Amino acid sequence: MSGETTVGASPDAPAEEPASSWLGRLVDVRPGEAPALAWSWAYIFSILAAYYVLRPIRDQMGIAGGLENLPWLFTGTLVGMLVLNVPFAWLVKTLPRARFVPLTYRFFAANILLFACGLYLAGPEGDVWIGRAFFVWLSIFNLFVVSVFWATIVDVFSTEQGKRLFGFIAAGATLGAIAGSATTAILARDVPTWALLVGAAVLLEAAVFSMRGLARLSDRLNRAPVAGDSAPAEAIGGSAFAGITRTFRSPYLLNIGLFLLLFSITSTFLYFEQAGIAKRSFPDRGAQTAFFASVDLLVNVLTLGVQFFLTGRIVRRIGVGPALALLPAASILGFAALAVSPTITAIVVFQVLRRAGNFAIARPIREVLFTVVPREDRYKAKNFIDTVVYRVGDQLGAWSFAGIAALGLGSTAVAVTAVPISAAWLVNSLWLGRRQAERQARQAEVVAATDGPGRREP
């Protein structure tokens, strides 16, 4: 990419003194990287706070609409993902990042305000169809807005920076999630739902403000060049369908999609088990919402400690592939334990530990995989994988769960089915780690051949 200089040290430069002593204890941040890190934190904090204000409301509405209808809601979510992917890809093709990202967030903020108006007019008891529509919409919203965030971050930071900093950036997401879920857990019984939705819309506007602060720094951040890349200030161009076509033409992108598909299938199994537990244990709607918010809070507190102190160290010590493989390995053990003893306590504990492992380790490391692909793939293919492929996994998990239940089989059968799925996921993780390292090495050769070991001058 022409005309870019670095904010931090180059990938081959020796480690420098941390920007500040207190921050240096938590993360290996180099001089000049702290401002971009701060804007990234504010950006993802706002997004996750907004989502986690809304997530417990969605989960309660899903229960209110009937557990038997959840597979259909997941189907509606997949259809919505397919419908939105093409116009989003057109925005990416046509507009520069500084324009299409704010437009995307403000579109969703307007949707939130429409739902708030609908819930206000429907009254305290709400409307079951509004609830179902909100369930589908939020299931689309959360993947889109988070995928756009990480695409922006991957576009800003290099692979070397990602290995050091993505876990710490993800801690900002966790703090936002804690703030959002704690807010809903405290206020759900006393504050009308529509008012919580308005607060979430305000948080999305804060995300737009933070994204623009990060964009002002992004052109100065170091990136290894990839053939065909456009400058960050330019529209990416290409086809509106490139996210689909490029994913299926690339074994690397296809296997990233497989990673997310297998994760999604097994996550859906656990989600349905948790939903059933909540319905049986908490007959009151406010209590159900508070329960979901409390589980989210526990997950996020656990996640935060790992992100602050372990994520960066883990990936630097064992590498991308083994770090990715930790979650499927833990899933094999967890599902095997559920097959032997499918108790309520075991399901909840496994869900909490698994989600924390995903947020703290698997998710930030998965984003490193996209630092070695062209800009078009970082936005188009990544968005297709993060949204459509993820929801295809939901479909497979939801209807497989329903099919197992229709056969009169219970949690043991679900867990037994999930063990070989997790084993395939483990093999896929190790393959991706090797391919990412090969691509990174090729990029380093391009940098060395073009610019030498130092930074590129404009």
Side-chain angles (χ1 to χ4, degrees), residues 22-23 25-29 34 36-56 58-59 138 141-154 156-157 161-186 199-200 203-204 206-207 210-211 214 263 267 270-271 274 292-315 323-324 326-327 330 348-368 386 390:
W22 68 269
L23 190 58
R25 295 189 189 102
L26 296 177
V27 61
D28 181 16
V29 59
L37 197 60
W39 281 118
S40 300
W41 253 55
Y43 183 3
I44 193 58
F45 177 93
S46 302
I47 290 174
L48 267 292
Y51 171 58
Y52 272 88
V53 166
L54 302 173
R55 177 187 165 102
R58 178 204 67 175
D59 291 342
L138 190 66
F141 161 87
N142 77 305
L143 293 185
F144 256 93
V145 296
V146 175
S147 177
V148 170
F149 164 79
W150 279 110
T152 304
I153 296 301
V154 166
V156 166
F157 293 98
Q161 289 170 320
K163 290 178 180 179
R164 289 187 290 108
L165 303 177
F166 281 5
F168 189 72
I169 290 172
T174 304
L175 285 174
I178 291 172
S181 56
T183 297
T184 301
I186 293 168
L203 286 167
L204 276 189
S210 302
M211 177 268 166
L214 179 62
F263 167 74
S267 295
L270 285 177
Y271 177 83
Q274 179 180 286
F292 286 123
S294 298
V295 171
D296 289 341
L297 184 60
L298 179 60
V299 168
N300 289 314
V301 169
L302 178 59
T303 300
L304 188 62
V306 178
Q307 287 168 330
F308 270 141
F309 300 107
L310 295 177
T311 303
R313 292 176 174 86
I314 287 173
V315 69
L324 283 175
L326 290 176
L327 189 60
V348 172
V349 170
F350 180 31
Q351 174 77 306
V352 169
L353 293 177
R354 178 186 152 97
R355 285 179 60 196
N358 175 53
F359 295 145
I361 299 174
R363 180 61 193 257
I365 302 309
R366 193 178 84 225
E367 302 305 334
V368 173
D386 285 351
Y390 188 99

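What you see is a predicted model; the values in this text were computed from it and never measured.
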Exercise. State the CH2-CG distance between Trp41 and Leu165, to the nearest 0.5 angstrom.
Key: 12.0 Å
Quiz item: Side chain of Ser210, backbone of Trp39: donor and acceptor closer than 3.5 Å?
Solution: no
Quiz item: So, for Val299 and Val352, which heavy atoms are closest and what is the spacing to 0.1 Å?
Solution: CG2-CA, 3.8 Å
Quiz item: Which heavy-atom pair separates Ile314 from Ala323 by the least distance, and what is that distance?
Solution: CG2-CB, 4.3 Å
Exercise. Rounded to the nearest 0.5 Å, what's the gap from OG1 on Thr174 to CD1 on Ile169? Could you check?
Key: 12.0 Å
Quiz item: To the nearest 0.5 Å, how far apart are CZ in Phe157 and CG in Leu214?
Solution: 6.0 Å
Self-check item: Shortest non-hydrogen contact between Ala171 and Leu304, atoms and distance
Solution: O-CD1, 3.6 Å
Hey, can you pull the donor-acceptor pairs under 3.5 Å for the side chains in residues 42-50, sequence neighbours left out?
{"residue": "Tyr43", "atom": "OH", "partner": "Tyr105", "partner atom": "OH", "Å": "2.9"}
{"residue": "Ser46", "atom": "OG", "partner": "Ala42", "partner atom": "O", "Å": "2.9"}

Quiz item: Can you tell me how far OG1 of Thr183 sits from CD1 of Ile178, rounded to the nearest 0.5 angstrom?
Solution: 11.5 Å
Quiz item: Looking at CG of Leu270 and CZ of Arg354, how far apart are the two atoms once the value is rounded to the nearest 0.5 Å?
Solution: 5.5 Å
Practice problem: Would you name the heavy atoms of Val148 and Thr152 that are closest together and state the gap between them? | Solution: O-OG1, 2.9 Å
Practice problem: Mind checking the CG-OG1 spacing from Leu298 to Thr303? Nearest 0.5 Å is all I need. | Solution: 9.0 Å
Quiz item: Distance only, no hydrogens: is a donor on one side chain within 3.5 Å (strictly under) of an acceptor on the other, for Arg355 and Ser267?
Solution: no
Quiz item: When Arg366 is tested against each of Leu327, Ile361, Asp386 for side-chain contact (heavy atoms from CB on, under 4.5 Å), which residue passes?
Solution: Asp386
Quiz item: Can you say whether the rings of Phe141 and Tyr51 are parallel (under 30°), tilted (30 to 60°) or perpendicular (over 60°)?
Solution: tilted
Quiz item: Taking side chain as C-beta onward, heavy atoms only, is Val146 less than 4.5 Å from Arg363?
Solution: yes
